[in-house]
Asks: 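Take a look at the following structure, please.
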Amino acid sequence: MEAASSDQYRSSSSSASSPARRYYLPKPGALRRPISFEDSPDWDDIHLDDNIHLATAASASASINSSAYPSPSPSLPPGPSASASGAAACRERKVAGATLVWKDLTVSSLSTSTNRFSDRLVKSSNGYALPATLTVIMGPARSGKSTLLRAIAAQFFMPPIRLLCVISPIPIPIPIPPGRFSAAERMYGEVSVNGAKSRLPYGSYGYVDRDDVLIDSLTVREMLYFSALLQLPGFLSSKKSIVEDAIVAMSLGDHADKLIGGHCFTKKLPNGERRRVSIARELVMRPHVLFIDEPLYNLDSVSALLLMVTLKKLASTGCTIIFTMYQSSTEVFGLFDRICLLSNGNTLFFGETLACLQHFSNAGFPCPIMQSPSDHFLRAINTDFDRIIAMCKNLQDDQGDFSSVSMDTAVAIRTLEATYKQSADSVAVESMIARLTEKEGPYLKSKGRASDAIRIVVLTWRSLLIMSRDWKYYWSRLALYMFIALSIGTIFSDIGHSLSSVMVRVSAIFAFVSFVILLSFSGVPAHIDEVKIYCHEETNRHSGAMVFLLGHFLSSIPFLFLVSISSSLVFYYLIGLRNEFSFLMYFVLTIFMCLLANEALMMIVAYIWLELYKCTLTLACLYVIMMLVAGYFRKRETLPYAVWTYPLSFISFHTYAVQGLVENEYVGTSFAVGEIRSIPGVQAVRGSYDISSSANAKWVNLLVLLLMAIGYRIVLYMLLRLNVRKQVGTWRAAWWSRIHRGASAK
């Protein structure tokens, strides 16, 4: 009977080319015994600060059944090169992975109807993750997978003063840091590390987001090297060896010197390799625990299998790996050690992967032959299938009904949840949690971090390299500025120096300043990429607001000065402005300061929207308004005082730039009127444009532009520091909540 029962619930791969690959359920009680601290390596014999090297081939082959899952790379033939490669690849890697336990973990979100944290995204989840294992959180879309992963990891991103959370009859919220949770979410429960309610220190964990946020203009090796410089203290030589270990560990050797985004002669890295780079970026910290959100996102079946085999080898070295996944192939499913199955925030099962098949069989949903286990699980618990069944209820294929489950998913979910709560698997999980938390393991030490001064230097160096390679930053703007300088210069050339040329020259200056600022939004895509990189690095505590601002500011200075002086020289001599070096340098400095202030404004807009269309539309509107109130079309004193004069005309770059350049050109000059009479240049201009006759007035305008450049960066620093984007999301949710309640009351 046992053999018949076992054969009834076995399943094979859906691939017709591999009919021999099947999953067999072991007999009850024959599941692998859970690992405890007693099964882990002797803590006293392992130094937690040991370097992480590549896993030995023996440990990797022991972790993966080579008969069922062939190695993704062919074996090297014997020879000197193979021996050298084998010696390099078989450096021993000792890692004391951390044991994580979460108990009664609940995440609630702000309800739009009650304005309270009543919507539970994750409901009383219990589980654990052990060293040298792969623990997957699986479920359909909107089931709470990523939320649970963030909840487990969020405990480790808190300041030490807000650390502990004790389970009590009244839920006590764990303070949520801004990196992983918004203010519209609350987390309750208990998370333990090695049996103690303590956070993972800096350097002992890594978190990989679902979306790959990479710098396309860097090579893989450069990307990892800069990441190591930002995260780790120490000397450059030691970090190079760490980067090489991460490259080999993630099988990126063939792509190490390729640009991530490619260029005109080469293609960008495939999605699988880009995902490996994102993981390798966290491996330079040599983490004990690795959190990955959807590692197989946007990957094909081959790339997914190769990546999961790589993660399996990485786990075999001792690293604790927890990740989310929507769906997997049969081959990938066989690599998992434990699975946490979620649906609508409810835990339907936690335990070993093969035991999950037995759990579904006990609940009345056996996995059919020739169907992937993960496909069967999601088919049973995904409520979206109810709509498909409703549309196709009268249709049948050659083998019968479309549905392999005889009842709707809501009933299936309730049945699976009730069966799990009453099963031996649930009791075993609670028993294991009690065992893992009754005795504290070793306390993980912080590996230290790079100083802020080092980070500023590294970010400046990296930004200089990016800006020199990426045409979206300044090279496209340089071409546009040269084009507009040549265009305006040739249009307004040969205007002479008579009294009648005064207003024509003022018009040329205004047009040049206005169009130089207007064409600056060609660099918006690069600024959006820069802000996205910062948000990712700041979330993982690799960077900070002040470090980012100073690094970006210092690296932008040479490029902004280059585009300023090159375009200004062309315009200056084509128009025929005052032929003295001091006046020329003032003209260049004014354009430079104007671009410096405008750069900060573009960064503010890029941070607020992070969308190209919205950023471009916002900047275009701002620039047009600044042009209108600059005093060229109508004198500032004649503008309506409210709004247009104050504050808009006072925050316009054009106002101070044009006024300073006109004063630079006409203060101290005179124009002949007839044969014996002359008028000062200031009087000639004042008929249509208001300037000061003081020789120092132009320096005041230059100082105002400098203060605006500093002021906008202070505003940007405050936005970054206060994490305004998440706060705005919370305010928007509360606002919609009040509107919804008001509509319901009516």
Side-chain angles (χ1 to χ4, degrees), residues 98-129 135 137-139 142-200 205 207 289 291 293 322 324 338 340-350 413 417-418 420-421 426-427 429-434 436-438 440 539 723 726-727 729-730 733-734 737:
T99 299
L100 305 181
V101 174
W102 60 95
K103 183 178 180 181
D104 293 334
L105 202 57
T106 300
V107 179
S108 300
S109 64
L110 189 65
S111 174
T112 58
S113 58
T114 63
N115 201 25
R116 297 180 180 179
F117 293 93
S118 56
D119 294 339
R120 294 195 173 186
L121 306 178
V122 177
K123 306 169 186 177
S124 300
S125 177
N126 297 320
Y128 56 88
T135 303
I137 304 172
M138 185 176 288
R142 301 176 302 277
S143 61
K145 304 184 300 296
S146 298
T147 304
L148 177 58
L149 184 72
R150 289 186 289 119
I152 299 171
Q155 173 76 1
F156 313 138
F157 292 87
M158 296 180 190
I161 194 172
R162 312 170 85 183
L163 179 63
L164 301 182
C165 173
V166 181
I167 297 297
S168 65
I170 301 177
I172 302 176
I174 301 177
I176 301 300
R180 295 296 170 200
F181 280 88
S182 67
E185 294 175 322
R186 290 292 184 269
M187 177 175 127
Y188 309 88
E190 178 181 320
V191 181
S192 301
V193 184
N194 284 346
K197 298 182 182 68
S198 62
R199 68 186 182 107
L200 281 171
Y205 57 85
Y207 192 100
V289 182
F291 302 96
D293 192 6
I322 310 176
T324 64
R338 286 176 184 82
C340 178
L341 195 61
L342 296 180
S343 180
N344 297 325
N346 298 300
T347 301
L348 304 185
F349 179 81
F350 182 88
I413 291 172
E417 184 180 6
Y420 173 68
K421 290 181 179 180
S426 177
V427 176
V429 170
E430 295 179 358
S431 175
M432 190 63 183
I433 290 176
L436 293 175
T437 54
E438 68 181 0
E440 293 189 6
T539 299
N723 206 1
K726 289 187 179 295
Q727 298 296 333
T730 304
S737 174

Asks: Please report the closest heavy-atom contact between Ile433 and Gly127, naming both atoms and the distance.
Replies: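 Taking every non-hydrogen atom into account, CD1-N, 3.8 Å.
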
Asks: Hey, could you give me the CG/NZ distance between Leu348 and Lys421, rounded to the nearest 0.5 Å?
Replies: 10.0 Å

Asks: Is there side-chain contact between Tyr188 and Val122, with heavy atoms separated by less than 4.5 Å?
Replies: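 Not in contact.
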
Asks: Can you give me the closest heavy-atom contact between Glu440 and Ala196, atom names plus distance?
Replies: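 Here Glu440 and Ala196 meet closest at CD-CB, 3.7 Å.
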
Asks: So, do Phe350 and Tyr128 have ring centers that fall under 6.0 Å from each other?
Replies: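 Yes - the distance between ring centres of Phe350 and Tyr128 falls below the 6.0 Å cut-off.
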
Asks: Measure the spacing between CG of Asn194 and CG of Leu100 and express it to the nearest 0.5 Å.
Replies: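 Between atom CG of Asn194 and atom CG of Leu100 there are 8.0 Å.
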
Asks: Let me confirm one number: the CG-CD distance from Asn344 to Glu417, rounded to the nearest 0.5 Å.
Replies: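 Going from the CG atom of Asn344 to the CD atom of Glu417 covers 9.5 Å.
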
Asks: Between Thr106 (side chain) and Ser124 (backbone), is there a donor-acceptor pair under 3.5 Å?
Replies: yes

Asks: Leu105 versus Val191: any side-chain heavy-atom pair under 4.5 Å?
Replies: yes

Asks: Which pair of heavy atoms, one from Arg120 and one from Ser108, lies closest together, and at what distance?
Replies: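 Taking Arg120 first and Ser108 second, the nearest heavy atoms are CG-OG, 3.7 Å.
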
Asks: Does Leu200 form a side-chain contact (heavy atoms from CB on, under 4.5 Å) with Val289? I'd like the steps, not just the answer.
Replies: CA-CA 9 Å; Leu200 281 171; Val289 182; 3.9 Å; yes

Asks: With sequence neighbours excluded, what pairs up with Thr324 under the side chain to side chain contact (heavy atoms under 4.5 Å, CB included) test?
Replies: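 Residues passing side chain to side chain contact (heavy atoms under 4.5 Å, CB included) with Thr324: Ile137, Lys145, Ser146, Leu149, Asp293, Glu294.
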
Asks: Side-chain contact, heavy-atom cut-off 4.5 Å: Leu342 with Cys340?
Replies: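 They are in side-chain contact.
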
Asks: Calculate, to the nearest 0.5 Å, the distance between atoms CD1 and OG belonging to Ile152 and Ser125 respectively.
Replies: 6.5 Å

Asks: Of all the heavy-atom pairs spanning Ser192 and Lys197, show the shortest one and how long it is.
Replies: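 So the minimum-distance heavy-atom pair works out to OG-CG, 4.0 Å.
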
Asks: Once you round to the nearest 0.5 Å, how far does CZ of Phe291 lie from OG1 of Thr135?
Replies: 10.5 Å

Asks: Would Glu185 and Arg150 count as a salt bridge (charged side-chain N to carboxylate O under 4.0 Å, His left out) if you check the C-alpha gap in whole Å, the side-chain angles of each, and the deciding distance to 0.1 Å?
Replies: CA-CA 11 Å; Glu185 294 175 322; Arg150 289 186 289 119; 3.5 Å; yes

Asks: Tell me whether Asn126 contacts the main-chain N or O of Asp104 through its side chain, where contact means a donor paired with an acceptor under 3.5 Å.
Replies: yes

Asks: Mind checking the CZ-CZ spacing from Phe349 to Arg338? Nearest 0.5 Å is all I need.
Replies: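 Interatomic distance, Phe349 CZ to Arg338 CZ, rounded to 0.5 Å: 10.5 Å.
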
